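Everything below concerns the one structure shown next.
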Amino acid sequence: MKMGFLGRTCLIVLSLLPAVSTQGGWRVVGSDQPVIAEPGDDVILPCHISPRLSAVDMEVRWYRDRFDTPVHLYLNKKDQLGRQDSAYRGRTALPPSALQTGDISLHLRNLRPSDRGVYTCVAGDGSRYEEGQTEVIVAALGTQPSISMDSTQGEQTHLVCRSEGWDPEPEVIWRDRDGNDVTSLSNTTVQRDSQGLLSVSSYIKIKQQSNVFSCLVRSKTPKPDWESKLHISSDFFPGVSGWMVAFFLTLALSIGAIPLLVIQWRRMDAMERKLEPMAAQRLREELESVKREVLKSEWKWILSSAVDSLTLDLDTAHPRLTLPVDGKQVRGKRQDYNSSQRFDYRRCVLGKEGFTSGRHYWELGVGENTFWRLGVSRESAERKGGFSMTPQQGYWTVGWDGDEDKDEFIALTDPQTPLPRSLKPQKLGVYLDYEEGQLSFYNVETRSHIYTFTDTFTEKLYPIFCPGLYSSGKNAAPLIICPHTYTD
């Protein structure tokens, strides 16, 4: 799975309509309350027989587009999986215990955006059949909006607000600095991409006397609140002469709290000349922080690949590393035993479990350690001597170097890639997608993306842990393999 897929949030709303069958005797009843979920969630599509009676001896069929291609079919007291629509194989169930009470609700696992449509629930006892319908609405919540300046020579300058990955078409609202709705002055275009999702571009003309605009993009489908905010305050910018156009960015993606995107900007040539280096660095780090925040659906997808058990391979550990009995911690002190597989110069240890396929996620507590390197190593990578820890040498790692004379957060590429120090984690998430050739790192506390290596993996990869040297009480805390946690 590529991060691009992980870079969109989709919301699936299952609107359950009451059954239309209301003849005498028993009937099929749906629900008048929608079921709200996200891609990857497991949900139940309510449907039951009224009055309550056993459906164990009945035929129960759920279908969407074609009666003869069921989403799920229960017949002759067992599930008929061979006749099931291939798109739903392995994702549906009718619990036998529920059938005994007339509950024929469909359990649908791992929801997909393609699960949109009208579903029909049919129950029959051989002499009569009753049915109800359930509408599944797939509401895709698009990307975080971005504002840019568009100026064509000889024409008036425009601000452009863009967002993609929507369905249905969202509402776009422009406001000026006083909160007045100026949407009528804008022009919005919508295009549908190859995946059937909508890209929105909204343009508005700007004048010299206008210096603050906000672009609001709002979903028309109800959803749980979720928001991401950024405020760029004026103390980031020195004063300049002449006219200037600035916009403050505050992004809130929710239905309860309207999504808001406001960016403050000034004439770019003046800012390039006059913005002080320290203020520019603060601005870049705050922009990075917001840009890298991972959406909830993407985060849940990553956590779904969490490794059940990850332990350390004692035979690979550098002699000066202290390892506990449980193989879950590593710190930079001394141990006195040798192995041909052991690191003898770099203070590292490998995980015992290696990976040759699939998606895998694990979390590591780094605390306040002043030095560490974490990531993966290929099986054949050199472990003896002072080798370079780069992808070319079979190591894909990020690291923190907080010695007295420097304070660096880096990806160990060649040359090294500086990382925003604001993203330095207390707990680091590592996500490996072997087939896609991606290794990504996350700040678990802020749910922020730090860095992604892209490569072609051809042999077994092992987690690697390098805590550095314990010296004079520094770097004394262990690196800890943590069970992953997720909070909405």
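Side chains included, hydrogens not; waters and symmetry mates left out as well; all remaining heavy atoms used. Source: prediction; values computed, not measured.
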Is a side-chain donor or acceptor of [X] paired with a backbone partner of [Y] at a separation under 3.5 angstrom?
X    : Y    : value
D344 : G385 : yes
E459 : S380 : yes
N443 : L423 : yes
R373 : T397 : no
Y395 : E382 : yes
E164 : T143 : no
S202 : C161 : no
Q393 : A381 : no
R91  : R109 : yes
K384 : Q341 : no

Taking C-beta and beyond as the side chain, do [X] and [Y] meet within less than 4.5 Å on heavy atoms?
X    : Y    : answer
L439 : L461 : no
S388 : D414 : no
R383 : T316 : yes
E408 : P418 : no
H72  : Q84  : yes
Y361 : S440 : no
W301 : Y431 : yes
C466 : M389 : yes

TODO: Please say whether more than 12 non-hydrogen atoms of neighbouring residues, nucleotides or ligands are located less than 6.0 Å from CD in E435.
DONE: yes
Open item on the list: Using a 6.0 Å cut-off, check whether atom NZ of K352 has over 12 heavy atoms from anything other than its own residue.
Closed with: no
Kindly give the heavy-atom pair with the smallest separation between [X] and [Y], and that separation in Å.
X    : Y    : answer
G351 : Y462 : O-CD2, 3.3 Å
P391 : T413 : CD-CA, 4.2 Å
L310 : F465 : CD2-CZ, 4.2 Å
S105 : P46  : OG-CA, 3.3 Å
R347 : P467 : O-CD, 3.3 Å
Y88  : L108 : CD2-CD1, 4.0 Å

TODO: Could you give me the CA-CA distance, side-chain angles and deciding distance for F387 and Y345, then say whether side chain to side chain contact (heavy atoms under 4.5 Å, CB included) is met?
DONE: CA-CA 9 Å; F387 55 83; Y345 178 78; over 6 Å; no
Compute whether any side-chain donor of one residue and acceptor of the other, for [X] and [Y], lie under 3.5 angstrom apart.
X    : Y    : result
W62  : T92  : no
H107 : D42  : no
Q392 : T390 : yes

- [ ] Could you walk me through whether D455 and R378 pass salt bridge (Lys or Arg N to Asp or Glu O under 4.0 Å), step by step?
- [x] CA-CA 12 Å; D455 213 323; R378 68 177 178 228; over 6 Å; no
TODO: Would you sort out whether W166 and V217 count as a side chain to side chain contact (heavy atoms under 4.5 Å, CB included), showing the intermediate values?
DONE: CA-CA 10 Å; W166 292 89; V217 182; 3.2 Å; yes
TODO: Could you please spell out the steps behind the ring-ring contact (aromatic ring centres under 6.0 Å, His included) verdict for F355 and W362?
DONE: CA-CA 13 Å; F355 309 114; W362 59 96; 5.8 Å; yes
TODO: Evaluate side chain to side chain contact (heavy atoms under 4.5 Å, CB included) for T454 paired with W396, printing each intermediate quantity in order.
DONE: CA-CA 10 Å; T454 301; W396 295 266; over 6 Å; no
